[in-house]
Amino acid sequence: MKQGNRVAGHVLWQLVSFVVFFAAWELAGRWPVSAAFPPFSQTALALFEMLADGSLGRAYWITLQPLLIGIVLCGIAGVGFGVGMGLSRSVEWLSLPVFIILQAAPMAAIIPLITYFYGIGLTSKVLAVVFLAAPVIVMNSYKGIRNTHPSLLQMCRAFLGTRRQEVLKIILPHAAALIFAGLRLGLAMGFIGIVIAELLITPTGIGDLITYHSSVAEYSKMFASVASIIAVAAVTLHALERVERMLFPPEIRGS
Amino acid sequence: MLQFGRISRAALAAAALLLGAVQAQAATTIRYALGDVVSVDELPLLVAVERAKKRGVNVVVTAFKSEEIATQAVINGQSDIGQGTPYAAVQKVNVPIRFFYQLSALQFFPIVNTQYYKTWKDLDGQEIVVHARGSGTEAIMRLMEKEQKITYKNVSFVPGSNVRALGLLKGTIKVSILDATNRNYVMKEAPGKFAVLPLGQVKASDEALFATKAYLDKNQAAVAVFVEELVRVNREINKNPQSIIAERKKLGLLKDLPQKLEAEILPYFQEGVQGGIFPNDGGGESAAKNDLEFFKLAGALKGDNLKVEDFWTFAPLKAALAKVK
């Protein structure tokens with residue numbers, strides 16, 4: 001009963017924080033902060049309009065394609081690279097600097113350059129997602145493998161476990177939580193990548209809605225598009241975090 | 001005597017300094033928001049800016065990344081005058097903004113890869129690439145679609161004439177619409193590979209100047225001086241396109257322009273003069289009417305009863321034209 005109350009209280013506070021935020025937004029829009037800044041009510045109305053006329057749905061259909069392709073590619077190749085780097089010193093020596101540089105590079109400056117090599121189509125956008133998502137996925141997988149508790153490895157060897165058994169039964173299960181967290185963070189970076197690509201390469205999907213509504217001064221629709229992609233990214237990542245908590249108990253996640 | 005001479009010289013120097021300071025204070029500053037990179041096509045503006053400065057109107061040009069940002073700067077009062085054609089914003093934003101001068105008219109060229117297409121009719125059911133949704137380039141292509149009674153399969157958006165030019169050269173784009181500089185570039189890079197499709201006369205602004213009504217009312221004198229200089233430069237160019245090159249040299253403008261671009265200055269202005277894109281009279285009412293018609297077709301303007309006076313004000317132009325003659 002006490003725990004139920006605590007959960008209800010927690011949810012209430014979260015709701016209050018949303019209400020305060022939206023009320024402040026409404027006030028700032030009505031004040032107004034700028035002639036181009038719409039109040040929350042107008043933005044919400046614009047969001048419903050775009051949902052009803054199908055333009056938002058069509059935009060997401062276009063935006064999510066390169067995002068999903070990019071994340072799947074990173075999920076396979078990125079995790080593979082990370083695991084390879086964790087298990088083999090030579091792969092680590094060869095690849096680690098590349099991913100460290102990629103992680104530190106200001107991607108908004110690099111993404112427009114992709115067009116010089118891969119044009120303006122889907123490939124460029126998938127690459128933008130990969131460039132942003134891959135480093136975090138690779139590095140998390142690599143660290144997950146490297147951080148395997150030495151006592152577990154010693155135990156495996158004491159029981160005369162083979163290298164194959166050591167990798168499959170000790171190292172990989174142990175690293176799974178960090179790899180999954182890497183995929184989640186990679187998806188977060190992927191959302192950033194696809195929006196930057198759609199704003200900087202060619203305006204399609206959500207990027208098109210943002211640039212078009214900005215150019216025809218329909219600011220409430222522009223803000224609604226921006227708010228919608230933030231909401232989609234936040235909800236998706238929160239759901240993944242819940243899945244992660246369910247799959248991996250705290251003792252594994254914490255290690 | 002010597003002492004007195006020194007004192008009087010010092011007094012004279014101080015007086016001159018003081019006078020200079022007073023003049024500097026009297027000089028009005030106009031914050032000018034440009035939504036583009038400063039390049040060859042901005043030369044008339046730069047010349048006018050230098051000349052206005054000599055007359056006590058200090059125009060400070062800031063180059064923003066896009067027209068939208070420049071427009072926002074004007075709406076929010078961080079810039080005084082903006083350059084572009086944000087008709088949609090003028091119609092929708094509740095800060096009264098007015099256009100008052102047409103800097104240049106639109107001049108674009110539909111380009112096709114001759115390996116695939118040769119005439120407008122060939123574009124029926126084909127994909128075309130324009131600058132952006134609701135842009136002038138889209139409106140021109142839509143206008144031709146109507147005139148030629150054809151239907152495009154799809155219209156894609158690739159911002160930047162230079163990017164579309166690269167796409168055409170690489171073969172990723174087969175049909176597009178480019179500005180004069182980039183049309184010349186693709187024609188030179190791949191002779192015979194591309195053709196320009198004929199276009200009816202499109203009369204609309206490419207770049208116009210706008211400001212809030214309040215600003216224009218309060219700063220009539222400074223704006224008139226600036227507009228006067230802009231009109232003068234355009235008239236000189238229309239009389240003799242070579243004049244802009246001489247002025248550039250004299251005033252030391254765009255010193256770091258690459259040689260390749262330097263060679264394009266004269267052809268750009270010669271072609272512009274031929275195409276009549278630099279108005280002698282700042283556009284005025286005819287430009288305003290043409291713009292309303294064109295941007296309605298482009299989808300930027302909504303509604304049927306569009307009134308010129310809701311978008312343009314002619315007082316600064318009239319004041320300037322009265323002095324130029």
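Only this structure's heavy atoms are used, side chains among them; waters, hydrogens and symmetry mates stay out. Lettering follows sequence order; numbering is per chain, from 1.
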- Atom pair CG/CZ of A/D208 and B/F157 - distance to nearest 0.5 Å: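 Answer rounded to 0.5 Å: 6.0 Å.
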
Kindly check if the number of other-residue, nucleotide or ligand heavy atoms within 6.0 Å of [atom1] ([X]) is above 12?
X: B/K302; atom1: NZ; value: yes
X: B/K92; atom1: NZ; value: yes
X: B/Y32; atom1: OH; value: yes
X: A/Y118; atom1: OH; value: no

- Query: Are B/Q91 and A/V216 close enough that some pair of their side-chain heavy atoms sits under 4.5 Å apart?
  - Reply: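 No, their side chains stay 4.5 Å or more apart.
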
- Message: Please classify the contact of B/V158 with chain A as side chain, backbone, both or neither, using a heavy-atom distance under 4.5 Å.
- Response: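 Looking at B/V158, backbone and side chain both touch chain A.
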
- Item | Most chain A-contacting option - heavy-atom pairs closer than 4.5 Å, from B/V90, B/V93, B/V95 |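 Top count of heavy-atom pairs under 4.5 Å with chain A: B/V93.
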
- Part of residues 32-58 of chain A lying next to chain B, heavy-atom separation under 4.5 Å: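 Interface residues of residues 32-58 of chain A: A/S34, A/A35, A/A36.
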
- Return the minimal non-hydrogen interatomic distance between B/R133 and A/S215, and the atom names on each side.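 Minimum heavy-atom contact is O-OG, 4.0 Å.
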
- Identify the two heavy atoms, one from B/A89 and one from A/Y219, that lie closest to each other, and give their separation to 0.1 Å.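 Heavy atoms of B/A89 and A/Y219 come nearest at CB-OH, 4.1 Å.
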
- Task: Using a heavy-atom cutoff of under 4.5 Å, enumerate the residues of residues 169-193 of chain B that contact chain A, numbered in order, or state 'none'.
- Result: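 Checking residues 169-193 of chain B against chain A gives B/K170, B/I173.
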
